[in-house]
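Shown next, in structure tokens, is the structure this report addresses.
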Amino acid sequence: MITDPRVFDDEHIPRELVHRHTELEKLARALDPGWDGAGVDDVLIAGPSGVGKTVLAKHYLTRATNATSLQWAYVACLGETTGTILREALRGLDDTHVPPNTPVDDVRRGLAGVVDDHAVIILDEADDLPEKDVLDQFAGIAGLSLIVVCHDRERWTSRLDDQHQTRFRSVIQPDRYSVDELTDILRPRARQGLEPNAVGIGELREIADGSAGVARRGIQALRAAAELAAERGHGSIQEEDVEDCFDRARKRIRASNLASLPFHHQVLYEIIRTEGNPSGHELHRRYDEYAHSIYDGQPLTPISKRSRRTKLAKLQDYGLVERDESGSNVYYSAADPEISSAVRLPMIHK
DNA sequence: TATCCACCGGAATTTATGGAAG
DNA sequence: CTTCCATAAATTCCGGTGGATA
């Protein structure tokens, strides 16, 4: 059924970006110095998750690179520090090893030295980055422009201090797709990634309809539907496969988020999931109670309450854990209790 | 109203890591 | 090899918040 799984990867850049022509044009106008002679700008791309902000930036740059060998680098900023972001940018442009303890100033000088004429850095998931620091560091480098990708435009611009207010004059705000548009996005994926006639236009439309205008959801749902059809021995995607595909797609996205987190986070997540709906107090008590055996044989040791709070905050950022503050206590719960971590816990008796 | 309690999260401080210099 | 240094992660300290209780 699925002939080319890469087509459904989040990182996959389609040959052609459908229904994003105006956005691509804006990007070109801002970043191409020859476009109208006004020089290059920094760009802000803001909008909801999964509508193709990152793909938009990457698509433009891969295409522009083929033509003019423009230097560019991609940096995922979520949860990263100024140092990590700068090093990752340098590594991306120069393809050299950058030790983790390289002084920030050295990294900045390295960046300045490596930029030939014009280079672009994509700062993805930039909502919470320590932007005062990061922008200051990038600011002085000639020939370097930024594409900042974030969710909330208002929040981003309001957090900028005065000297950065004049940057990011080019703002691109991709919106959610209509059902028709999303169908157009799914069609080439089905053609490239699935057997011929694996999915009818009716089913494709239903998948688009159930994805709330979010391209990532639609693409993962299409993939899940194809998997379900194959498992059920259907020759092509059937109505029942479409019905069940959204659930599987959602679970897969969350499970891969969870798997990407370090051990401490997963331990906390598993305690919350198996406990059901623990209060903060119960959660910490369980942790203290079982930490010894959980971390037995691990290179890591249990962490303090304060550190657990930081991990819990991250779990919330990732949408894996929800916190309910009713009364004087807080309660934690797994957003989707069916998603389990690879971390095994000893039996917990209530 | 005053006080207690549990928790949050910022800031300062310590520890761990790993590359560079001597 | 040892020492030194910068960063990131973890810990310690602590003021602030908001509901519960007397």
Can you find a pair of side-chain heavy atoms, one from A:E80 and one from A:E125, that are under 4.5 Å apart?
-> no

Within the structure, does a side-chain N or O atom of A:T81 lie under 4.0 Å from either OP1 or OP2 of C:dA8?
-> yes

Using only heavy-atom distances, determine whether the side chains of A:Q238 and A:S236 contain a donor-acceptor pair under 3.5 Å.
-> yes

Figure out the CG/C1' separation between A:D105 and C:dA6, and round it to whole Å.
-> 11 Å

Salt-bridge test for A:D317 and A:K314: reply yes if a basic N is under 4.0 Å from a carboxylate O, no otherwise.
-> no

Would you classify A:P299 as touching base, sugar-phosphate or nothing, given that sugar-phosphate means primed atoms plus P, OP1 and OP2, and contacts are heavy atoms under 4.0 Å?
-> nothing

Give one of base, sugar-phosphate or nothing for A:T84, where a contact means two heavy atoms less than 4.0 Å apart.
-> sugar-phosphate

A:N101 side chain: which of C:dA6, C:dA8, C:dA10 is closest?
-> C:dA6

Would you say B:dG19 has OP1 or OP2 under 4.0 Å from some side-chain N or O of A:T102?
-> no

Please confirm whether A:H284 and A:Y332 have ring centers closer than 6.0 angstrom.
-> no

Between B:dA6 atom P and A:R285 atom CZ, what is the distance in whole Å?
-> 13 Å

Would you tell me if any nitrogen or oxygen in the side chain of A:Y332 comes within less than 4.0 Å of OP1 or OP2 on B:dC8?
-> yes

Could you tell me whether a side-chain N or O of A:E275 sits under 3.5 Å from a main-chain N or O of A:L283, the two making a donor and an acceptor?
-> no

Rounded to the Å, how far apart are A:E80 CD and C:dA8 P?
-> 9 Å

Give the nucleotide from the list B:dC7, B:dA20, C:dA10 with an atom nearest to the side chain of A:I303.
-> C:dA10

Here the distance between atom C1' of B:dC7 and atom CG of A:D324, to the nearest Å, is 14 Å

With respect to the phosphate group of C:dA10, does any side-chain polar atom (N or O) of A:S307 fall under 4.0 Å of OP1 or OP2?
-> no

Ignoring backbone atoms, test whether A:H284 places a side-chain nitrogen or oxygen under 4.0 Å from the OP1 or OP2 oxygen of B:dA6.
-> no

A:L312 atom CG is separated from B:dA6 atom P, nearest whole Å, by 18 Å

Is it true that A:R285 and A:D288 have a side-chain N and a carboxylate O under 4.0 angstrom from each other?
-> no

side-chain N/O A:K311 vs C:dA10 OP1/OP2, d < 4.0 Å = yes

Using a cut-off of less than 4.0 Å, is there contact between a side-chain N or O of A:R323 and OP1 or OP2 of B:dG9?
-> yes

Side chain of A:P103 only, please: which of B:dC8, C:dT7, C:dT11 is the nearest?
-> C:dT7

Answer yes or no: side-chain N or O of A:R306 and base N or O of B:dG10 forming a donor-acceptor pair under 3.5 Å.
-> yes

Distance test, side-chain N/O of A:R87 to OP1/OP2 of C:dA8, below 4.0 Å | yes

Distance in angstrom units between A:K305 NZ and C:dC13 C1', rounded = 15 Å

For DNA chain B, whose closest nucleotide is more 5', that of A:H281 or that of A:P100?
-> A:H281

Rounded to whole angstrom units, what separation is found between the CD atom of A:Q316 and the C1' atom of B:dC7?
-> 13 Å

Whole-Å distance, A:R309 CZ to C:dG16 C1', equals 13 Å

